[in-house]
Amino acid sequence: QVQLVESGGGLVQAGGSLRLSCAVSGRTIISRIMAWFRQAPGKEREFVAAISMYGGVPDYADSVKDRFTISKDNAKNTVYLQMNSLKPEDTAVYLCATDPGMRLRRDAYAYWGQGTQVTVSS
């Protein structure tokens with residue numbers, strides 16, 4: 001019903017920046033909230049940031065607050081994650097997710113992308 005494709009990952013030095021994109025296609029009308037998660041090798045998937053496609057204040061994990069910014073372009077059905085001041089511990093596969101729900105949350109999203117690798121070297 002909904003397809004998500006992430007892009008923008010890569011290798012960057014500590015202190016650098018990357019911008020991830022997540023393009024949504026299919027039944028985009030049910031894509032009401034969108035989020036970024038990440039999963040490092042051997043670790044559980046963790047919440048990074050979430051935003052409502054209808055506006056409002058985004059939600060951020062404490063570990064990325066003040067360094068990462070989530071934003072959206074409704075006309076393009078695309079969500080972005082601007083990552084600044086990157087640290088080696090930010091290394092992970094970053095996944096985009098969306099859900100028909102109306103309230104931001106940090107888990108239980110219905111639709112997921114395949115992910116994009118972000119590697120931060122020290």
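Quick caveat, the model's predicted, so the values are computed rather than measured. Below, each value reflects all heavy atoms present in this structure, side chains not excepted, and no hydrogens, waters or symmetry copies.
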Just checking Gln114: does its CD atom have more than 12 heavy atoms from other residues, nucleotides or ligands closer to it than 6.0 angstrom?
no
Quick one: sort the Phe37 and Trp112 rings into parallel, tilted or perpendicular, breaks at 30° and 60°.
tilted
Any carboxylate oxygen within less than 4.0 angstrom of a Lys/Arg side-chain nitrogen, looking at Lys65 and Asp62?
yes
To check you understand the geometry: which heavy-atom pair defines the closest contact between Tyr80 and Asp73, and what is its length?
CE1-CB, 4.0 Å
Should Leu18 and Val93 be regarded as members of a common hydrophobic cluster, given that ILVMFWY residues are connected when their side-chain heavy atoms come within less than 4.5 Å of each other, either directly or indirectly?
no
Going by heavy atoms in the side chains, are Tyr94 and Glu6 under 4.5 Å from each other?
no
Shortest non-hydrogen contact between Arg32 and Met102, atoms and distance:
CD-SD, 3.1 Å
Interatomic distance, OH@Tyr54 vs CG@Asn74, rounded to 0.5 Å, equals 8.5 Å
Atom pair NZ (Lys72) and OG1 (Thr78), whose distance is rounded to the nearest 0.5 Å
11.5 Å
If you define the side chain from C-beta out and look only at heavy atoms, does anything of Phe47 sit under 4.5 Å from Asp107?
no
Shortest non-hydrogen contact from Ile51 toward Ser71:
CD1-CA, 4.0 Å
Atom CG in Leu95, atom CG in Leu4: separation rounded to 0.5 Å?
10.0 Å
Linked, directly or transitively: Val57 and Met34 (ILVMFWY side chains, under 4.5 Å):
no
Side chain to side chain donor-acceptor pair (under 3.5 Å), that's the test. Do Tyr111 and Gln1 meet it? Break it down for me.
CA-CA 9 Å; Tyr111 304 97; Gln1 293 185 351; 2.7 Å; yes
For the side chain of Asp59 and the backbone of Arg105, is there at least one donor-acceptor N/O pair under 3.5 Å apart?
no
How many angstroms lie between atom CZ of Arg38 and atom CD of Glu46, to the nearest 0.5 angstrom?
4.0 Å
Is it true that Trp36 and Phe68 have ring centroids separated by less than 6.0 Å?
no
Backbone of Val120 reached by a side-chain donor or acceptor of Thr91 within 3.5 Å
yes
What is the distance from atom OG1 of Thr98 to atom CE of Met53, rounded to the nearest 0.5 Å?
7.5 Å
Say whether, by atom type as modelled, one donor and one acceptor occur between the side chain of Asp99 and the main chain of Ala110 under 3.5 angstrom.
yes
Met83 and Leu20: which non-hydrogen atoms are nearest, and at how many Å?
CE-CG, 3.8 Å
Taking all non-hydrogen atoms of both residues into account, name the closest pair between Ala14 and Ser122 and its distance.
CB-CA, 4.4 Å
Shortest non-hydrogen pair, Gly9 vs Val118, comes out as CA-CG2, 4.1 Å
Can you measure from OG (Ser52) to CG (Leu104) and round to the nearest 0.5 angstrom?
6.0 Å
Using atom types as modelled and distance alone, determine if a side-chain donor or acceptor of Tyr109 lies under 3.5 Å from a backbone N or O of Ile33.
no
